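In this chain, numbering begins with 1 at the start of the sequence shown. Please read these numbers as outputs of a predicted model, since none were measured by experiment.
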Amino acid sequence: MSTPEFHDAKAMFRATAPMRLDFAGAWTDVAPFTLHERGVVVSGAIELRATAELTLGGDGYRLHADDLGERLELTGSNALAGDGQLILLRAALRASRVGPCSLRTTSGAPAGAGLGGSGALGVALVAAIDRAQRRVRSVVEIADEAWRIETVEAMLAGGKQDQYTAAHGGFNHLAFEGEQVAVRRLRVDPAFADELARHTIVCFTGRTRFSPSTIARVMEAYIRGDPTVERALRAMVGLGEWMADALERSDLGAVGTLLGKNWIEQQRLDAGMRTNAMARLEQAMHDAGAIGGKAAGAGAGGSMFFVVRDPAAATRAARECDATVLPVRWASDGVQTQLVTG
């Protein structure tokens with residue numbers, strides 16, 4: 001039983017949650033695949049964080065998404081209803097019944113980067129609101145509630161890997177069966193983790209994508225029994241198991257090779273998985289000596305990340321393709337909350 005906090009009128013409730021790099025198996029965490037088969041995702045949390053800051057009180061709802069340059073001021077009993085602008089923020093407040101407040105969010109990565117930003121934001125929103133309402137949940141419960149808000153309340157299709165990685169932090173092997181998620185923290189040697197960070201180049205292409213539409217197409221194909229999609233998803237489950245082993249064995253070459261194999265299977269899911277900009281970037285990184293790489297998240301735009309032999313050469317190649325190189329630093333901690341008083 002936690003000790004109740006004293007909250008003064010100017011208290012701000014802040015929560016942050018890390019984004020992720022999905023090394024292998026992403027897509028296999030999405031229903032209906034998980035309702036019929038076992039999915040596996042291996043991911044690493046990164047210190048690009050989503051932040052939610054909540055202050056209670058006022059006459060209505062003041063919503064600010066600093067990274068998007070969007071703001072809303074809403075009043076009335078149905079102010080948070082429906083879809084449209086800042087849908088995830090409104091869905092989180094609507095689900096919690098928190099009442100009039102000011103909510104500000106920021107992101108450490110560009111919108112649409114494919115690094116699990118909406119999942120991390122959902123986790124931060126749930127944690128900040130929970131802190132304000134003196135509700136105590138486990139990290140698993142926070143992840144599940146964030147996923148429910150995004151997929152049910154906001155009606156944005158997706159799996160659970162983003163929320164679970166954001167809530168837990170670290171390197172994880174995530175297994176999905178039905179509604180159950182089994183989390184195994186990977187035993188990654190700290191020295192290897194540092195080496196992997198130095199040799200991993202994350203490239204934002206500048207082209208964003210709306211992943212729920214891609215997800216819907218792929219899962220419709222799976223429901224139809226499309227043999228190419230079925231084989232690709234099952235292959236990625238196996239690649240997830242091998243990736244976990246490679247990370248725990250500190251095998252940089254195997255990690256890079258498996259990234260490339262996962263990307264081959266990922267492209268089989270949908271014809272629009274790789275854009276022309278991504279193809280140019282991939283060729284440039286190959287020419288610069290990359291061992292292997294893949295699209296982050298759903299693909300079809302956003303970011304790609306590569307394990308490379310020569311980080312300096314690969315960074316130059318990425319920038320020559322007009323990609324923005326994002327920092328890689330692993331986040332051992334998941335969601336964090338803080339009470340800030342005036």
Charged N-O contact under 4.0 Å between R148 and E145: yes

Any ion pair linking R137 and D144 (charged N to carboxylate O, less than 4.0 Å)? no

Contact check, side chains of S43 and F171, non-hydrogen atoms, under 4.5 Å: no

Residue list, side-chain hydrogen bond (donor to acceptor under 3.5 Å, both in side chains) with R234, at least two apart or on another chain: E37

Do V140 and V181 share a hydrophobic cluster (ILVMFWY, side-chain heavy atoms under 4.5 Å, transitive)? yes

How about T34 and K160: do any of their side-chain heavy atoms sit closer than 4.5 Å? no

Are V42 and L174 packed together at the side-chain level, in the sense that at least one heavy-atom pair is separated by less than 4.5 angstrom? no

Carboxylate-amine/guanidinium contact R62 E73, below 4.0 Å: no

Find out whether T337 and F13 are in side-chain contact, i.e. whether some heavy atom of one side chain is under 4.5 Å from a heavy atom of the other. no

Take atom CZ of R71 as the centre, draw a 6.0 Å sphere, and report whether it contains more than 12 heavy atoms from other residues, nucleotides or ligands. no

Evaluate side-chain hydrogen bond (donor to acceptor under 3.5 Å, both in side chains) for H173 paired with E241, printing each intermediate quantity in order. CA-CA 8 Å; H173 173 287; E241 300 290 7; 2.9 Å; yes

Do W263 and M278 have side-chain heavy atoms sitting under 4.5 Å apart? yes

Describe, in one word, how the ring planes of H36 and Y222 are oriented to each other, choosing from parallel (under 30°), tilted (30 to 60°) and perpendicular (over 60°). tilted

Output side-chain donor-acceptor pairs under 3.5 Å for residues 309-330, partner residues at least two apart or in another chain, one line each.
residue, atom, partner, partner atom, Å
R309, NH1, G289, O, 3.1
D310, OD1, A312, N, 3.2
D310, OD1, A313, N, 3.2
T315, OG1, P311, O, 2.8
W330, NE1, A193, O, 2.8

State plainly whether the residues R274 and E282 are in salt-bridge range, i.e. N to O under 4.0 Å. yes

Does the side chain of T105 pick up a donor-acceptor pair with the side chain of E53 at under 3.5 Å? no

If the threshold is 4.0 Å, N to carboxylate O, is there a salt bridge linking D194 and R198? no

Can you find a heavy atom in the side chain of Y164 that is under 4.5 Å from one in the side chain of N172? no

Report yes if the side chains of D245 and R249 come closer than 4.5 Å at any heavy-atom pair, otherwise no. yes

Holding to side-chain contact (heavy atoms from CB on, under 4.5 Å), I want the full list of residues that pass it with C101, two or more places apart in sequence or in another chain. L54, L56, Y61, L93, V98

Under 4.0 Å between a Lys/Arg side-chain N and an Asp/Glu carboxylate O for D22 and R20? yes

Find out whether M304 and K294 are in side-chain contact, i.e. whether some heavy atom of one side chain is under 4.5 Å from a heavy atom of the other. no

Could you give me the CA-CA distance, side-chain angles and deciding distance for T151 and L156, then say whether side chain to side chain contact (heavy atoms under 4.5 Å, CB included) is met? CA-CA 5 Å; T151 59; L156 301 172; 6.0 Å; no

Tightest non-hydrogen contact, residues A154 and I87, listed as O-CD1, 3.3 Å

Contact summary for L196 and F23, nearest pair of heavy atoms: CD2-CZ, 4.0 Å

